[in-house]
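Structure first, then comments.
Just the heavy atoms: all of them, side chains too, but no hydrogens, waters or symmetry mates, feed the values below. Because the structure is predicted, anything quoted here is derived from the model rather than measured.
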Amino acid sequence: MIWTRSELIRNPHVHIDEDFTVDNEAFEKNTRINSVREAHISGEGYLEGTDRFYVNLHIEGVMLCPDAITNKEIEVPFQTDTQEFYSFEEGDSNDESVRIVTDEVIDLAPAVTEAIFLEVPLQATEAKPEDYPSGDGWQVISEEDYEKSRKESIDPRLAKLREFKTED
């Protein structure tokens, strides 16, 4: 997924359909993802004139993330679509959505890695309620259990009102 400007001028329409290996060093500082096991990129790219390259990508794969409850590594499938715009001209550098091409070479790897970063979930879990950690006087419960207990409990500030009865 690397093209030079001269290759794109000779073949201005590019079809992409290949497996992609993500450099897992990119995820070293991120605690929400450990690595990407597999990724597949498909899409189309085309050169407009001789200085602008547009590409539409569909990325899908499996990332390995720590479980939010047990901290075990789990597989999280992902898929995303992204559109990238590359320019060989420095004049387009004012637009943040434009990637300026240096050395006359377009490399899609940084754009794909960024798109995968955007798909990393804030939390992911496969833990069953019996796997939830607990300790002396505390336990982790599911959100559904919390909501149910909250509805069933009475605010202690209003508990005395239950004893109040109206006389007819």
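- Nearest heavy-atom pair across Q139 and S134 is CB-CB, 3.6 Å.
- With rounding to the nearest 0.5 angstrom, the OG1 atom of T82 is 12.0 Å from the NE2 atom of H58.
- Within the 4.5 Å cutoff, no side-chain heavy atoms of E119 are placed close to those of I59.
- Between the CE atom of M63 and the CD atom of E73 there is a distance of 12.5 Å, given to the nearest 0.5 Å.
- With a 4.5 Å cut-off on side-chain heavy atoms, I106 and F88 count as touching.
- In this structure, V76 is a member of the same hydrophobic cluster as F78, with clusters built from ILVMFWY side-chain heavy atoms closer than 4.5 Å.
- M1 and F117 fall within the same hydrophobic cluster, defined by Ile, Leu, Val, Met, Phe, Trp and Tyr side-chain heavy atoms under 4.5 Å apart, directly or through other members.
- Counting heavy atoms from C-beta outward, Y46 and E44 have side chains that stay 4.5 Å or more apart.
- Partners of L118 under the side chain to side chain contact (heavy atoms under 4.5 Å, CB included) rule, at least two apart in sequence or in another chain, do not exist in this structure.
- The salt bridge (charged side-chain N to carboxylate O under 4.0 Å, His left out) check on E114 picks up R99, with sequence neighbours excluded.
- Considering only residues two or more places apart in sequence or on other chains, K128 meets the side chain to side chain contact (heavy atoms under 4.5 Å, CB included) condition with E130, D131.
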Report task. Step by step, work out the side-chain contact (heavy atoms from CB on, under 4.5 Å) result for E38 and D19. Result -> CA-CA 8 Å; E38 51 192 62; D19 292 328; over 6 Å; no

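- A donor-acceptor distance shorter than 3.5 angstrom exists from the side chain of D107 to the backbone of A109, with no hydrogens or angles considered.
- Residues forming a side chain to side chain contact (heavy atoms under 4.5 Å, CB included) with D145 (at least two apart in sequence, or on another chain): I141, S142.
- Every residue two or more places apart in sequence or in another chain that forms a side chain to side chain contact (heavy atoms under 4.5 Å, CB included) with T125 is listed here: D67, I69, A127.
- Not one N or O on the side chain of R52 forms a donor-acceptor pair closer than 3.5 Å with the backbone of F85.
- P66 places none of its side-chain heavy atoms less than 4.5 Å from the side chain of T31.
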Query - Residues R5, V101; criterion side-chain contact (heavy atoms from CB on, under 4.5 Å); working and verdict - result: CA-CA 9 Å; R5 185 178 195 174; V101 179; over 6 Å; no

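- Membership of an apolar cluster is not assigned to V62, as no side-chain contact below 4.5 Å to another ILVMFWY residue is traced.
- Between D23 and T113 the shortest side-chain heavy-atom distance does not fall below 4.5 Å.
- In terms of hydrophobic clustering, with Ile, Leu, Val, Met, Phe, Trp and Tyr side chains grouped at heavy-atom distances under 4.5 Å, I116 and I16 are assigned to a common cluster.
- Side chains of V22 and F27 form a contact here, defined as non-hydrogen atoms less than 4.5 Å apart.
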Report task. Just do the side-chain contact (heavy atoms from CB on, under 4.5 Å) check on I9 and L47 with the steps written out, would you? Result -> CA-CA 7 Å; I9 290 172; L47 184 68; 3.8 Å; yes

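- One finds a salt bridge joining E147 and R150 here, because a Lys/Arg side-chain nitrogen approaches an Asp/Glu carboxylate oxygen to under 4.0 Å.
- Under the 4.5 Å side-chain criterion, counting only non-hydrogen atoms from C-beta, S6 is not in contact with E104.
- For the pair H40 and D17, the minimum side-chain heavy-atom distance is below 4.5 Å.
- Counting all heavy atoms, side chain and backbone alike, N56 lies closest to Q83 at OD1-CG, 3.0 Å.
- Checked against V14 for a side-chain contact (heavy atoms from CB on, under 4.5 Å), the options L108, L8, V55 give a single hit: L8.
- Atom CG of D103 is surrounded by 12 or fewer heavy atoms from other residues, nucleotides or ligands within 6.0 Å.
- With rounding to the nearest 0.5 Å, the separation of CD1 in I74 from CG in N34 is 10.0 Å.
- Separating the CD1 atom in I33 from the CD atom in E28 is a distance of 12.5 Å, to the nearest 0.5 Å.
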